[in-house]
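Heads up: the structure comes next, in structure tokens.
All values derive from a computational prediction rather than experimental measurement. When reading the values below, keep in mind they use all heavy atoms of this one structure, side chains included, and skip hydrogens, waters and symmetry mates. Order of appearance sets the numbers: ligands from 1, and atoms from 1 within every ligand.
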Amino acid sequence: MASATQHFDAVVIGAGFSGLHMLKSLRDKLGLKVRVYETGDTVGGTWYWNRYPGARCDSDAYIYCFTWDKQLLQEWEWSERYPEQPEILRYLEHVAKRHDLKRDIQFNTRVTGAEFDENTNLWMVHTDKGEEVAARHLITAVGTLSDTNMPPFKGLEKFRGKWYHTSRFPHTGVDFTGKRVGVVGTGATAVQAIPEIAQQAKQLIVFQRTANYCVPARNGKVDPELVKTRKADYEGIVQRIRESFFGQEHYFIPKSVLEATREERESVFDRMWDAGGFAFWLANYQDMFFSQEANDVCADYIKRKIRSTVKDPRTAEKLIPKGHAYGTKRQPLDTNYYETFNRDSVQLVDAKTDGGIEEITETGIRAGGKEYPLDIIVFATGFDAMTGPLKALNLRGRAGRTLTQEWHDGPHTYLGVAIAGFPNLFTITGPQSPSVLSNMPVSIEQHVEWITDCIETMRKSGKTCIEATPSAQDQWGAHVNEIVSATLMTTANSWYMSANIPGKPRAFLPYLGPEGVGGYRKKCDEIAAKGYEGFELA
Ligand code: NA7
């Protein structure tokens, strides 16, 4: 404590969507002294780091933005339905400038650790610049998919070509022209990147471990009339997405797919397929996530689409998912993904049929006993989702306990926003909150608003410490698990289930329902209204 060079009401870690909004809210609404630390050299978070070809949002841009700046909602013009990374980054830069946020953000600075001081109820925060500062509240705005998963492939150090992970792509871009390129992974990132890389590369080899169900994005310019209608209706839109299940204007069909006639469901599927985006995933028949039989009917439609798009039947079969239910892994949105496999220059190496990656050699990748010569390898192997970025912060709560110790068997939180034993810490879109199962800006805003209200209440009543009780935390964990165990989500080896990282304890990471983000918001508000039920205030 004595060594702290500066004192803040709050330290926020990260300057992406969450950190920017948190800073704005605490500084300009409550008048607090806030410091944001950001590793990058400017704002953006996810949109600063993920610069791979084809990187774009896959929620519709008209709701993938801040809704608290009403004027900006009217002024900002998105160039297409799902803008690319540079445009989203430009938007966040614009927000930072417009609200003069950068003056309270220290860039190029990584938080290397923080300890809670039980005598003063302050967090002592350390950075890689050798600073130590004290803060009443510590707020993590580190994102959910920011801790890169780079599997320890044997032999990688020997590779004489260039290799990149999609989440740490060079700011100068990569020229694939005339190159033999390997892409490892077929998740949402790879599905965006592969068609773009294929347009440049001389040869592209895709290394697939698990085939995914992709649905069309249908990106493009949005009809100016629709833009106008939406701008006129933003108040309604914002209310609807805040009360919705997924923070999107998508609603399940309140009927079983098994009750619909074949003609009826085909026409519904066609409509959603043509609409593009998350409709097929999030506005499908309501039993799709609960009944394998219902799920099979929806999945079958996508399988037929794959077979009719991919010309080589053997490649089509490899691209057809086997062994997991539709929708239980993150939905990738496809722009010419399946069509890309019709190019002569593109080859699919499937772990199940051709053999998995054995090692990286000096000149390429060896898989299934065969060597594939490559000039460039792009790893689209994802992230240690949700818990990874928080564990990496080296936080020490009461009695010096770490998150790695507390979460050795999976995350334990209260509402996904607080952790017992870590007082005055708030985790924006933390594990066991709706977070990655929603349109992120909606969930970010909900957490930021709730945290702001909580801090304001504490300050008005002279409280200096808030902490989730272990019993409230246990009950929340049981509730999260009970809800999800009624669905098919637990059956997949997804990153939602922590299954993408070897040795990570199998646990469902976000919170699913029962009424989605709308119900969750209500629940959080009720808890606040009851004097922060499940928390101890001192
Ligand atoms: P994902 O969805 O985790 O995808 C990673 C891909 O990499 C996936 O196909 C994995 O196969 C594959 N992978 C991971 N580890 C390996 C190893 N060791 N060997 C071979 N293949 C591997 O990450 P994304 O970046 O695509 O998407 C993350 C989120 O970012 C996305 O959902 C959006 O929210 C934005 P697997 O399926 O695990 O068998």
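- Heavy-atom proximity to Gly185, at under 4.0 Å, picks out these atoms of ligand 1: 6 (C), 7 (O), 9 (O), 12 (C).
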Using atom types as modelled, flag every donor-acceptor pair under 3.5 Å from a side chain in residues 139-151 to any protein atom, sequence neighbours excluded.
| from | atom 1 | to | atom 2 | distance (Å) |
| --- | --- | --- | --- | --- |
| Ser146 | OG | Val142 | O | 2.7 |
| Thr148 | OG1 | Ser167 | OG | 2.6 |
| Asn149 | ND2 | Thr381 | O | 2.9 |

Using atom types as modelled, flag every donor-acceptor pair under 3.5 Å from a side chain in residues 313-322 to any protein atom, sequence neighbours excluded.
| from | atom 1 | to | atom 2 | distance (Å) |
| --- | --- | --- | --- | --- |
| Thr315 | OG1 | Asp312 | OD2 | 2.6 |
| Glu317 | OE1 | Arg307 | NH2 | 3.4 |
| Glu317 | OE2 | Arg307 | NE | 2.8 |
| Glu317 | OE2 | Arg307 | NH2 | 3.4 |
| Lys318 | NZ | Leu348 | O | 3.1 |
| Lys318 | NZ | Asp354 | OD2 | 3.0 |
| Lys322 | NZ | Glu317 | O | 2.4 |
| Lys322 | NZ | Ile320 | O | 2.7 |

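- The number of heavy-atom neighbours closer than 6.0 Å to CZ of Arg110, taken from other residues, nucleotides and ligands shown, is 12 or below.
- Of the protein's heavy atoms, Trp495 CD1, 3.3 Å lies nearest to atom 3 (O) of ligand 1.
- Residue nearest to atom 37 (O) of ligand 1, selected from Gln192, Met150, Lys329, Arg209: Lys329 (by heavy-atom distance).
- Side chain to side chain, Ser244 and Glu249 fail the donor-acceptor criterion of an N or O pair below 3.5 Å.
- The closest approach between Phe153 and ligand 1 falls below 4.0 Å for a heavy atom of the residue.
- Contact annotation for Gln208 and ligand 1: no heavy atom of the residue comes within less than 4.0 Å of the ligand.
- Contact between Asn50 and Gln85 at its shortest, heavy atoms only, is O-CG, 3.2 Å.
- Residues Lys162 and Tyr164 share a closest heavy-atom pair of CD-OH, 3.2 Å.
- Classified by interplanar angle (parallel below 30°, tilted 30° to 60°, perpendicular above 60°), the ring pair Tyr511/His479 is tilted.
- Annotation: atom 4 (O) of ligand 1 to nearest protein heavy atom, Gly187 CA, 3.5 Å.
- Aromatic ring orientation, Phe289 versus Trp281: tilted (interplanar angle from 30° to 60°).
- A salt bridge does not link Lys158 with Glu362: none of the charged nitrogens is closer than 4.0 Å to a carboxylate oxygen.
- Across the listed options Val191, Thr144, Thr189, Thr189 owns the non-hydrogen atom lying nearest to atom 26 (O) of ligand 1.
- Among Thr186, Thr381, Thr210, the residue whose heavy atom lies closest to atom 39 (O) of ligand 1 is Thr210.
- Considering only non-hydrogen protein atoms, atom 30 (O) of ligand 1 sits nearest to Leu145 CD1, 3.7 Å.
- Taking any N or O of Ala380, backbone or side chain, at least one lies under 3.5 Å from an N or O belonging to ligand 1.
- Proximity to Ala188 (heavy-atom distance under 4.0 Å) selects the following atoms of ligand 1: 26 (O), 31 (C), 32 (O).
- When only non-hydrogen protein atoms are considered, atom 23 (O) of ligand 1 lies nearest to Gly382 CA, 3.2 Å.
- In the candidate list Arg330, His324, Gln331, Arg330 is nearest to atom 34 (O) of ligand 1, counting heavy atoms.
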